[in-house]
A.B. asks: 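Let me begin by handing over the structure; questions about it come next.
If you're wondering where the values come from, they're calculated on a predicted model, not measured in any experiment.
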There are 2 protein chains.
Amino acid sequence: MNKTIYDVAREAGVSMATVSRVLNGTAVVKDETKAKVQAAIEKLGYRPNAVARGLASKRTKSIGVILPDVSDLFHAEVLRGIEDIATMYQYHIILTNSDAREDREVDLIGTMWEKQVDGLLFISEQITPKIVKTFEEAQLPVVLCATEDPEHRIPSVAIDNKQAGLDATNYFLNLGSDKIVFLGGPTSQPVTMKRLAGYEQALKDAGREFDSNYVLHAKDSHYRSGYEVSNAFLNEGFTADAVVATSDELVLGYLNAVRDRGGKAPDDVLLLSFENTRLTTIVRPELTTIAQPTYDLGAVAMRLLTKLLNEVSIEEYTVRLPHSILERTSTKR
Amino acid sequence: MNKTIYDVAREAGVSMATVSRVLNGTAVVKDETKAKVQAAIEKLGYRPNAVARGLASKRTKSIGVILPDVSDLFHAEVLRGIEDIATMYQYHIILTNSDAREDREVDLIGTMWEKQVDGLLFISEQITPKIVKTFEEAQLPVVLCATEDPEHRIPSVAIDNKQAGLDATNYFLNLGSDKIVFLGGPTSQPVTMKRLAGYEQALKDAGREFDSNYVLHAKDSHYRSGYEVSNAFLNEGFTADAVVATSDELVLGYLNAVRDRGGKAPDDVLLLSFENTRLTTIVRPELTTIAQPTYDLGAVAMRLLTKLLNEVSIEEYTVRLPHSILERTSTKR
DNA sequence: TTGAAAGCGCTAACAG
DNA sequence: CTGTTAGCGCTTTCAA
């Protein structure tokens, strides 16, 4: 399998430049010679060496994906969207986990440069000035995916998180809920803060009082953290009739904390979360969610990146994907 | 950032070969010159071009991962294990989804060769002769991960699935269960068949009768398929007091089919599954599982691959990771 | 429509 | 301990 373009050229009785041309379609080749070359390729089982190609052409057809953690279901689903579109455009994915640590992220952007990726898809919790600076130094086309950059310095694909927070809260207000818990990640997460802003706005619009006791910040978006912070909340004697949570796992943390106390959903508390991962239909009650188009977030981001790479004119660098509320049993009494 | 090794050499007043040496530590360099070179690297913000490196050295420090679907939680967790160890050894991951389709897999192995990956980590449902042939043609070091090759032609890391099936079934027999359902993927999956063999063995050892009505094959390992096949089973009027399922999602399918009929677990049926993804502790009841060391499956496979790549002597090409039963509430009455 | 030749940025002999 | 010199396998001018 270690044939080179020279072997093919010799076999076909043409020059290697011609082989390169039929391989890439970069120039017109007479049908007859093209056929000869293709026959030679077939016969030898030749495959072009992508590394040599990358060095000569300065385009590797690979794109780097930096995300906090693939084993997080939300990221994994986004990644699947990225990968499908990448495959469609003949790009390969180089994947790395950052654990959302800025130092790792900076480092990874650098090694992505070394790998000569054509572009970068970046998923994280926050875009710090240092990250922006690193992007600039690396001179790589970047698209943020499901990631908020409040200053919109970088092309991005996400939903309108403030509006989504508002919609979620209004949904409960319309249902007549009185005490609505907001359960999110840490205050350092712009995504959480945007949704919280929507929550506050909705309460304000409805003339309701904002009670900070009802805003819960878990230390991350995972089940365990949601469970812990919910437990603490309930232990203090607070109760709520509805919960808006920023991730599917977080809301399940709340649910199980309630269950530990003999409570049930939706009977005792209505639940709504944000991600719409497959968890939502696997668990009981099935979870009402703000349906983020998880797969599409990745797919659209990848598509935007291909446009940047091919210098196709782009109408909008900050893409907002629509969200909607999917009503399931966790909010049906 | 597009400096070359020549720029560094000029800046440091040495030859490019010397720069290469300090970069790779491939030969002794006088401390003094080394310091000069490092200063120049620092000053210019130089980063080596991994593509050029790969072409010249014929080693790309990247390894290909081919798996059915990243958005499947089990695969995602395995992948995280792979990635962490890869990072530790300075390898990068090129990730692709095959949807477990043989034609895609064959194709992907080819493009992985084009990318000149140093090795391959392969996760799939079955290893067909065609796949083995493709591995051979590609002449790439391969390690199978959480994947059964009944003939052990290829290095692999997995648990002992037959033994695990046996243990799971015995667990229920000891609990006094009478009718035990085996709920697996399609019969084409060696993993399912191995576990089923263990199930049958356990029944036989206990002098129990084997009833094929109690063996359910879902069309894949996902929740939906588990739900469907369980529904069909229950609709026919069958009942069971215990279920051994080959994936966490499958068992939840059974659980919800039971719930739809007003049943509960563990009250009406005991449940056990195989993967031990994070689902097991998120849902209620928490699921008793055969704890596959999901993360370790990936981590150990990657480690084995690095050994192959560095021609370190290897004791065992077929690594069996230990499994155990984690008892949770789904089997506690 | 085709071929010759010059790199792409680096590693790895081979000298010295 | 360091420099010179071939390539690695391809793309891409430039001519013809």
Side-chain angles (χ1 to χ4, degrees), chain A residues 1-38 40-41 44-62 90 110-118 139, chain B residues 1-38 40-41 44-62 90 110-118 139:
Chain A
M1 212 145 172
N2 32 18
K3 315 274 179 227
T4 76
I5 200 169
Y6 284 99
D7 298 317
V8 177
R10 194 178 318 117
E11 179 73 29
V14 300
S15 79
M16 49 106 72
T18 301
V19 177
S20 176
R21 286 183 189 110
V22 343
L23 238 32
N24 300 297
T26 47
V28 194
V29 177
K30 208 202 299 177
D31 280 352
E32 192 188 337
T33 25
K34 191 186 285 182
K36 277 195 298 186
V37 169
Q38 271 156 350
I41 288 174
L44 299 178
Y46 167 78
R47 277 181 172 271
N49 178 325
V51 175
R53 247 175 170 170
L55 182 60
S57 69
K58 301 184 158 301
R59 303 200 293 103
T60 53
K61 282 299 211 175
S62 66
Q90 320 250 53
T111 59
M112 287 297 184
W113 183 90
E114 291 187 3
K115 285 280 177 182
Q116 302 289 105
V117 296
D118 293 342
Q139 299 191 63
Chain B
M1 213 147 169
N2 32 16
K3 315 273 179 227
T4 77
I5 201 170
Y6 283 100
D7 298 318
V8 177
R10 193 178 320 116
E11 179 72 30
V14 299
S15 79
M16 50 106 75
T18 300
V19 177
S20 176
R21 285 181 191 111
V22 344
L23 239 31
N24 300 296
T26 48
V28 195
V29 177
K30 208 205 295 178
D31 280 353
E32 193 187 335
T33 23
K34 191 186 286 181
K36 275 194 299 185
V37 171
Q38 272 156 351
I41 289 174
L44 299 178
Y46 167 79
R47 276 182 172 270
N49 178 326
V51 174
R53 247 177 170 169
L55 182 59
S57 69
K58 300 183 156 303
R59 302 201 294 105
T60 54
K61 280 298 208 176
S62 67
Q90 320 251 54
T111 58
M112 286 298 183
W113 183 90
E114 291 186 2
K115 285 281 176 180
Q116 304 287 108
V117 296
D118 293 341
Q139 298 190 63

A.B. asks: If you assign Lys34(B) and Ala52(B) each to the DNA chain D nucleotide with the nearest heavy atom, which residue ends up on the more 5' nucleotide?
C.D. replies: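 This one resolves to Lys34(B).
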A.B. asks: Which whole-number value in Å describes the distance from Arg59(B) CZ to dG9(C) P?
C.D. replies: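 It is 22 Å, rounded to the nearest whole Å.
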A.B. asks: Given the structure, check if the side chain of Arg21(A) and the base of dG3(C) hold any donor-acceptor pair shorter than 3.5 Å.
C.D. replies: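 Pair found.
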A.B. asks: Has Asn24(B) got a side-chain N or O lying under 4.0 Å from the OP1 or OP2 atom of dT11(C)?
C.D. replies: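 Result: yes.
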A.B. asks: Side-chain N or O of Lys58(B) versus OP1/OP2 of dG9(D): is the shortest distance under 4.0 Å?
C.D. replies: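 For Lys58(B), the contact criterion (side-chain N or O under 4.0 Å from OP1 or OP2 of dG9(D)) is met.
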A.B. asks: Does the pair Leu55(A) and Val51(A) meet the rule for a side chain to side chain contact (heavy atoms under 4.5 Å, CB included), with working shown?
C.D. replies: CA-CA 6 Å; Leu55(A) 182 60; Val51(A) 175; 5.8 Å; no
A.B. asks: Rounded to whole Å, please give me the gap between NZ in Lys3(B) and P in dG9(C).
C.D. replies: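 Result: 12 Å.
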A.B. asks: With nearest nucleotides of DNA chain D determined for Lys30(B) and Leu55(B) from heavy-atom distances, which residue corresponds to the more 5′ nucleotide?
C.D. replies: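 By nearest-heavy-atom nucleotide position, the 5'-most residue is Lys30(B).
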A.B. asks: Indicate, with a heavy-atom threshold strictly under 4.0 Å, whether Val14(B) touches base, sugar-phosphate, or nothing.
C.D. replies: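 Sugar-phosphate, no base atom in range.
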A.B. asks: Is the phosphate of dT2(C) approached by Thr33(A) (side-chain N or O, under 4.0 Å from OP1 or OP2)?
C.D. replies: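 For dT2(C), OP1/OP2 do have a side-chain N/O of Thr33(A) under 4.0 Å.
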A.B. asks: Could you tell me whether the phosphate oxygens of dT4(D), OP1 or OP2, come under 4.0 Å of any side-chain nitrogen or oxygen in Ser15(B)?
C.D. replies: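 For Ser15(B), the contact criterion (side-chain N or O under 4.0 Å from OP1 or OP2 of dT4(D)) is not met.
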A.B. asks: To the nearest Å, give me how far apart CG (Asp31(B)) and C1' (dT2(D)) are.
C.D. replies: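 Answer to the nearest Å: 15 Å.
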A.B. asks: Using whole Å, what does the distance between atom P of nucleotide dG9(D) and atom NZ of Lys61(A) come to?
C.D. replies: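 Interatomic distance, NZ of Lys61(A) to P of dG9(D): 23 Å.
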A.B. asks: Quick one: Ile5(A) CD1 to dC8(D) P, roughly how many Å, whole number?
C.D. replies: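 Taking atom P of dC8(D) as the reference, CD1 of Ile5(A) is at 14 Å.
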A.B. asks: dT2(C) phosphate, OP1 or OP2: any side-chain N/O from Thr18(A) under 4.0 angstrom?
C.D. replies: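 Thr18(A) to dT2(C) OP1/OP2: no side-chain N or O under 4.0 Å.
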A.B. asks: Rounding to a whole Å, what distance do you find between Met16(A):CE and dG3(C):P?
C.D. replies: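 Atom-to-atom, Met16(A) to dG3(C), this comes out as 12 Å.
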A.B. asks: Asn49(A) CG to dG9(C) P: how many Å, rounded?
C.D. replies: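 Nearest whole value for this atom pair: 17 Å.
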A.B. asks: Would you say a side-chain N or O of Tyr6(B) is under 4.0 Å from OP1 or OP2 of dT11(C)?
C.D. replies: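 No, Tyr6(B) has no side-chain N/O under 4.0 Å of OP1/OP2 on dT11(C).
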A.B. asks: Check the distance between dC10(D)'s C1' and Lys115(B)'s NZ and give it to me in whole angstrom.
C.D. replies: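 Distance check: Lys115(B) NZ to dC10(D) C1' gives 14 Å.
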A.B. asks: For dT11(C) and Ser20(B) - does any side-chain N or O of the residue sit under 4.0 Å from the phosphate oxygens OP1/OP2?
C.D. replies: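 Result: yes.
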